[in-house]
Amino acid sequence: MSTFLEEIDHTSLPRHIAVIMDGNGRWAKKHGKPRIFGHKNGVQAVREITECAAETGIEYLTLYAFSTENWGRPALEVTALMHLLVETVKNEIKTLMKNDIRLNAIGDLNQLPKKTHDALISGIEMTKDNKRMTLTLALNYSSRWELTEAIKVISTKVSDGTIATEDINSELISAHLTTHNIPDPELLIRTSGEHRVSNYLLWQIAYTEFYFTDIFWPEFKKQHLLEAILDYQNRERRFGKTSDQLI
Ligand code: FPP
């Protein structure tokens, strides 16, 4: 069986892959289990994909773990997800250290339950000097929230004279987003057959290639990540130019 690994061109890897992990609930239902069973198995996929991304040489991996809209799910599921996050972050610190992976988080972290918030902040602090890959969890994140916050900060700076209206450009806006220290993703993967971006990194994905797969997140394995990277490498990214101009 081809592993895809030998087909990948390591000189033209996407630096940053963003993922919308979707389908945990449907995967659990398919197996006659409660939704949280899907999330628990989703954590296994997170581990496998993080490891594979780091081994392949991806510099930034950003996972959509909890959106601002997810608070609307049944209270039991939200509580279980928050608990799972605490457990996962705590359990994975050793592996992150061993693999030189820096943990990062984007989103309105102050609104998370204290235990989740504290586990996350401690994981971020412990791994802050790691260099091989940055693993960012989007937690209580939504693009509209992020852009709204950025606009508030920028307008305050304009009114107090720190910046002039004419200084506002796309670099300045990017610098006020939660992703200011992360390059824009070259590749966005969404699992489970849904073709939406669901309020995820809307500003940052202006030139991102999208990859959709029908596979449910708990079934998304190394092979599938490598297949997505290979698919990305076979595309021509034109950034608004013509093919001839790229030669
Ligand atoms: C989408 O599946 C998944 C989520 C909203 C949560 C993702 C969480 C995990 C994979 C577990 C914890 C993560 C980390 C990073 C430790 P869904 O529930 O929307 O599935 P459905 O669309 O089939 O209902």
Side-chain angles (χ1 to χ4, degrees), residues 17-54 58 60-96 99 101-109 112-113 115-124 126-127 133-143 145 178 188-201 212-222 224-225:
I17 300 180
V19 184
I20 301 178
M21 310 180 285
D22 197 9
N24 291 351
R26 278 164 287 161
W27 181 84
K29 196 172 175 191
K30 198 174 88 175
H31 290 84
K33 303 277 190 190
R35 293 178 58 81
I36 192 65
F37 179 74
H39 297 315
K40 284 186 179 156
N41 280 272
V43 172
Q44 291 308 319
V46 168
R47 301 184 79 221
E48 176 157 343
I49 294 313
T50 303
E51 188 183 304
C52 175
I58 303 304
Y60 299 88
L61 178 68
T62 302
L63 307 176
Y64 207 176
F66 195 87
S67 76
T68 52
E69 287 82 17
N70 287 154
W71 294 112
R73 293 190 172 202
L76 211 61
E77 183 176 347
V78 173
T79 310
L81 263 174
M82 290 299 151
H83 182 69
L84 196 58
L85 275 158
V86 176
E87 290 303 304
T88 308
V89 171
K90 285 188 178 163
N91 291 341
E92 297 306 321
I93 290 296
K94 250 200 221 147
T95 317
L96 293 176
N99 289 290
I101 297 171
R102 180 169 78 95
L103 182 66
N104 179 37
I106 55 171
D108 194 357
L109 306 183
L112 292 171
K115 273 190 181 163
T116 312
H117 174 271
D118 292 354
L120 204 59
I121 298 301
S122 132
I124 291 171
M126 283 167 81
T127 60
M133 186 177 84
T134 298
L135 170 66
T136 301
L137 301 181
L139 267 172
N140 195 21
Y141 174 87
S142 82
S143 257
W145 163 80
T178 58
L188 170 73
I189 299 172
R190 183 171 190 148
T191 59
S192 90
E194 306 291 354
H195 296 187
R196 291 187 290 274
V197 285
S198 301
N199 218 344
Y200 190 43
L201 303 172
F212 297 109
T213 169
D214 287 343
I215 294 165
F216 292 141
W217 177 251
E219 292 168 333
F220 193 79
K221 306 287 178 209
K222 288 183 178 192
H224 303 117
L225 179 68

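In listed order, ligands and their atoms are each counted from 1.
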Between [X] and [Y], is any pair of side-chain heavy atoms under 4.5 Å apart?
X    : Y    : answer
N41  : N24  : no
D108 : N140 : yes
L61  : T50  : yes

Below 30° counts as parallel, above 60° as perpendicular, anything between as tilted: where do the rings of [X] and [Y] land?
X    : Y    : value
Y141 : Y200 : perpendicular
W217 : F220 : parallel
F212 : H195 : parallel

Does at least one non-hydrogen atom of [X] fall below 4.0 angstrom from an atom of ligand 1?
X    : answer
N70  : yes
S192 : no
E92  : no
R35  : yes

Are any of the N/O atoms on [X], whether in the backbone or the side chain, positioned under 3.5 angstrom from an N/O atom of ligand 1?
X   : value
D22 : yes
R26 : yes
G25 : yes

Just by modelled atom types, is the A28 backbone N or O under 3.5 Å from a matching donor or acceptor in the R35 side chain?
no
What protein heavy atom is closest to [atom], reported as residue, atom name and distance in Å?
atom                    : result
atom 15 (C) of ligand 1 : L137 CD2, 3.6 Å
atom 6 (C) of ligand 1  : A65 O, 3.3 Å
atom 19 (O) of ligand 1 : R73 NH2, 2.7 Å
atom 12 (C) of ligand 1 : V43 CG2, 3.8 Å
atom 16 (C) of ligand 1 : T88 CG2, 3.5 Å

Ligand-residue contact atoms, ligand 1 with H39, heavy atoms, under 4.0 Å
11 (C), 18 (O)
Report the residue from N199, T136, L201, I106 that forms a side chain to side chain contact (heavy atoms under 4.5 Å, CB included) with Y64.
N199
Quick one: which residue pairs count as a salt bridge (charged side-chain N to carboxylate O under 4.0 Å, His left out) with a foot in residues 36-47, not counting sequence neighbours?
R47-E92
Options K29, M21, Q44, K30, ranked by nearest heavy atom to atom 1 (C) of ligand 1, top entry:
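Answer by nearest heavy atom: M21.
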Ligand 1-proximal atoms of L63, by part, heavy-atom distance under 4.0 Å
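L63 to ligand 1: no contact under 4.0 Å from either part.
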Under the salt bridge (charged side-chain N to carboxylate O under 4.0 Å, His left out) test, which residues partner R102, sequence neighbours left out?
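Listed in chain order: nothing, the list is empty.
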